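Structure, as structure tokens:
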Amino acid sequence: MMAAEAAQAGGFLGRALSSTEPAPALEIGGGCGAVAEARVLVINTGGTIGMVPQPEGLAPEANMLAGALKKIPILHDAAYAEETNLYSRLHLGDDTLVLPISRQNKRIIYTILELSPLLDSSNMTPAEWDKIGSLLEIYYEKYDGFVILHGTDTMAYTASALSFMCENLGKTIVLTGSQVPIYELRNDGRANLLGSLLFAGQFVIPEVCLYFHNKLYRGNRVTKVDAESFNAFSSPNLPSLATAEVDIIINWETVWRANTTKKFAIHKMNFDQHVGLLRIFPGITAEAVKGFLQSPIKGIVLETYGSGNAPNNCPALLEELQKATERGVVILNCTQCLRGSVSLVYETGKTLMDAGVIPGGDMTPEAALTKLAYVLSKPGTLAEKREMVKENLRGEMTVVPIGTQITLKDSKFIQEIAKYLFISCKEELAAVRDALTPPLACAAAKNGDIDALKALQNMGGNLSSEDYDGRTPLHVASCEGNLEIVKHLLKSGATVYAKDRFGATPLLNAIKFRHHDVICLLRTTGAHLSSQELVNVGTELCSLAFNGDVEGLLAWHLAGVDLNHPGYDGSTPYAMARAANRMKVMEFLCQLEA
Ligand code: ASN
């Protein structure tokens with residue numbers, strides 16, 4: 001089944017999964033004892049990480065990675081797989097491995113899907129971005145997170161493109177690779193793969209990220225800066241999202257969230273290839289610019305000097321730019337500098353804006369190019385597209401807030417507490433805020449107090465943070481059935497995939513309390529039950545049917561669960577309803593079948 005589905009993504013599948021293998025994460029009975037198991041899909045596209053020496057130089061080798069990783073104890077715990085009957089329990093094939101237990105007490109089970117042919121990333125094109133996007137779409141609900149193995153040369157382009165293509169993303173996607181093949185004695189591939197798996201399997205960081213050399217970056221903020229160092233990437237205008245050193249530290253305030261109640265979708269770009277990068281250089285001629293801007297070009301990223309400057313003493317050149325913008329070519333101004341932003345400090349920068357060139361802020365050229373292609377492939381008028389290019393779509397640029405910013409110093413509540421505790425420095429205040437946000441936000445969600453939630457947000461409190469039981473305000477609001485609060489939390493970036501210490505998601509909470517409208521909203525936002533939550537679903541359904549609980553059954557149905565699941569003894573909910581003479585339940589179940 002998986003092979004067939006992946007084939008829809010464009011015949012890009014290697015040997016990864018056999019056609020008889022079921023979609024594992026939807027299997028009932030996935031959990032094992034007290035250890036939470038997470039499922040990660042690794043999409044191997046190629047790159048140095050899996051290369052071997054060939055007569056002409058390093059090249060990717062197919063059908064080798066999973067077998068080799070199985071021999072590396074930090075990347076595969078064979079004893080656990082055997083003791084827990086992992087392969088037969090979850091119906092897994094040869095390309096699935098399991099990590100040793102993590103410090104967070106999690107087992108990450110990862111399946112490697114190998115693409116065919118594997119590519120040096122220099123050979124990748126937008127067609128491959130669309131194929132990766134298709135696979136993410138097909139397997140999105142079946143895995144907790146995703147790792148994409150990729151060559152480093154064009155990884156920043158793919159990460160940027162995927163960040164735009166993944167609309168309303170709610171799960172962690174991590175691109176990684178290495179500078180030295182994983183098969184060599186000294187290599188960076190093992191650590192990069194391990195770190196990426198730990199992030200994708202254990203944390204909901206709903207972004208397209210790039211993990212390299214102990215750092216997790218926002219994918220559309222990075223650029224490759226070193227061809228020889230293990231520290232190959234830099235995110236010049238945004239600090240890393242997380243670091244994995246002695247401890248894993250996540251900078252939650254920096255994490256970008258979709259802030260939406262819409263479901264995840266991949267926007268297939270059928271990538272608009274009529275975009276390009278034009279780097280200004282001293283002496284560039286108007287003719288060269290004119291040639292570059294000829295039809296069918298629809299959009300270009302103009303790489304300018306410093307803070308967005310180009311010569312303003314060459315009217316012919318400016319005229320070509322102006323004529324192009326008037327013809328409808330979208331021109332985005334980005335700096336050639338590694339760090340910094342396009343601004344209107346200089347007259348030479350202002351002249352470009354007057355010619356219709358759009359300032360691109362502090363976007364990397366990789367992000368700017370893929371953003372242009374994305375926006376140009378969306379429906380809409382030219383004016384709408386020009387506006388969309390200026391918007392911060394996925395955290396790819398820094399937006400300077402208009403008006404006064406609320407700071408911790410403005411927060412009376414935190415200040416009062418700070419006074420009480422005799423603390424004053426910014427770091428200590430932030431620590432107090434972070435410690436207090438989870439219980440306060442959960443209490444506000446319980447009481448339906450939207451103003452309190454807004455106040456916590458204004459203080460910089462993260463409304464997705466978990467309390468000591470791993471419960472988030474969205475869990476609480478879903479139990480309470482307060483639709484307004486649920487909506488507000490989702491629009492503030494709360495994740496529907498948060499699991500509390502018992503493995504329950506907000507969706508399961510809403511089902512338990514039969515809040516049908518909340519269930520529907522969570523489902524619209526992409527919520528689904530995990531394999532752990534489905535372990536005893538058949539027995540639960542039978543019990544509801546036996547007790548004549550139509551409302552309870554409806555809740556499970558709205559959550560997307562098939563009401564024919566048999567209970568522990570093999571009898572179906574319908575049979576149980578008949579045995580207890582529950583006519584309403586029988587009618588309800590028959591209606592669903594009709
Ligand atoms: N040429 C390789 C690639 O991009 C470089 C690497 O992965 N380190 O596929």
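In each ligand, atom 1 is the first atom listed, and ligand 1 is the first ligand listed. This is a predicted model, so every value here is computed, not measured.
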Looking at CG of L372 and CG of L277, how far apart are the two atoms once the value is rounded to the nearest 0.5 Å?
9.0 Å

Between S341 and D362, does any side-chain donor sit less than 3.5 Å from a side-chain acceptor?
no

For K378, enumerate each residue passing the side-chain contact (heavy atoms from CB on, under 4.5 Å) test, keeping only those at least two apart in sequence or located in another chain.
E167, H267, Y374, M388

For F233 and F212, take the angle between the two ring planes, folded into 0 to 90°, and tell me which bin it lands in: parallel under 30, tilted 30 to 60, perpendicular over 60.
perpendicular

For a distance cut-off of 3.5 Å, show me each N or O of ligand 1 paired with any protein N or O, plus the separation.
| from | atom 1 | to | atom 2 | distance (Å) |
| --- | --- | --- | --- | --- |
| ligand 1 | 1 (N) | D120 | OD1 | 3.1 |
| ligand 1 | 1 (N) | D120 | OD2 | 3.1 |
| ligand 1 | 1 (N) | D153 | OD2 | 2.8 |
| ligand 1 | 4 (O) | S121 | OG | 2.5 |
| ligand 1 | 4 (O) | T152 | N | 3.2 |
| ligand 1 | 4 (O) | D153 | N | 2.9 |
| ligand 1 | 4 (O) | D153 | OD2 | 3.4 |
| ligand 1 | 7 (O) | T48 | N | 3.1 |
| ligand 1 | 7 (O) | T48 | OG1 | 2.9 |
| ligand 1 | 7 (O) | T152 | N | 2.9 |
| ligand 1 | 7 (O) | T152 | OG1 | 3.4 |
| ligand 1 | 8 (N) | T48 | OG1 | 3.0 |
| ligand 1 | 8 (N) | T152 | OG1 | 2.7 |
| ligand 1 | 8 (N) | S178 | O | 2.9 |
| ligand 1 | 8 (N) | Q179 | OE1 | 3.2 |
| ligand 1 | 9 (O) | D120 | OD1 | 3.2 |
| ligand 1 | 9 (O) | S121 | N | 2.7 |

NZ (K290) with more than 12 external heavy atoms under 6.0 Å:
no

Measure the acute angle between the ring planes of F199 and F203, then classify it against the limits of 30° and 60° as parallel, tilted or perpendicular.
tilted

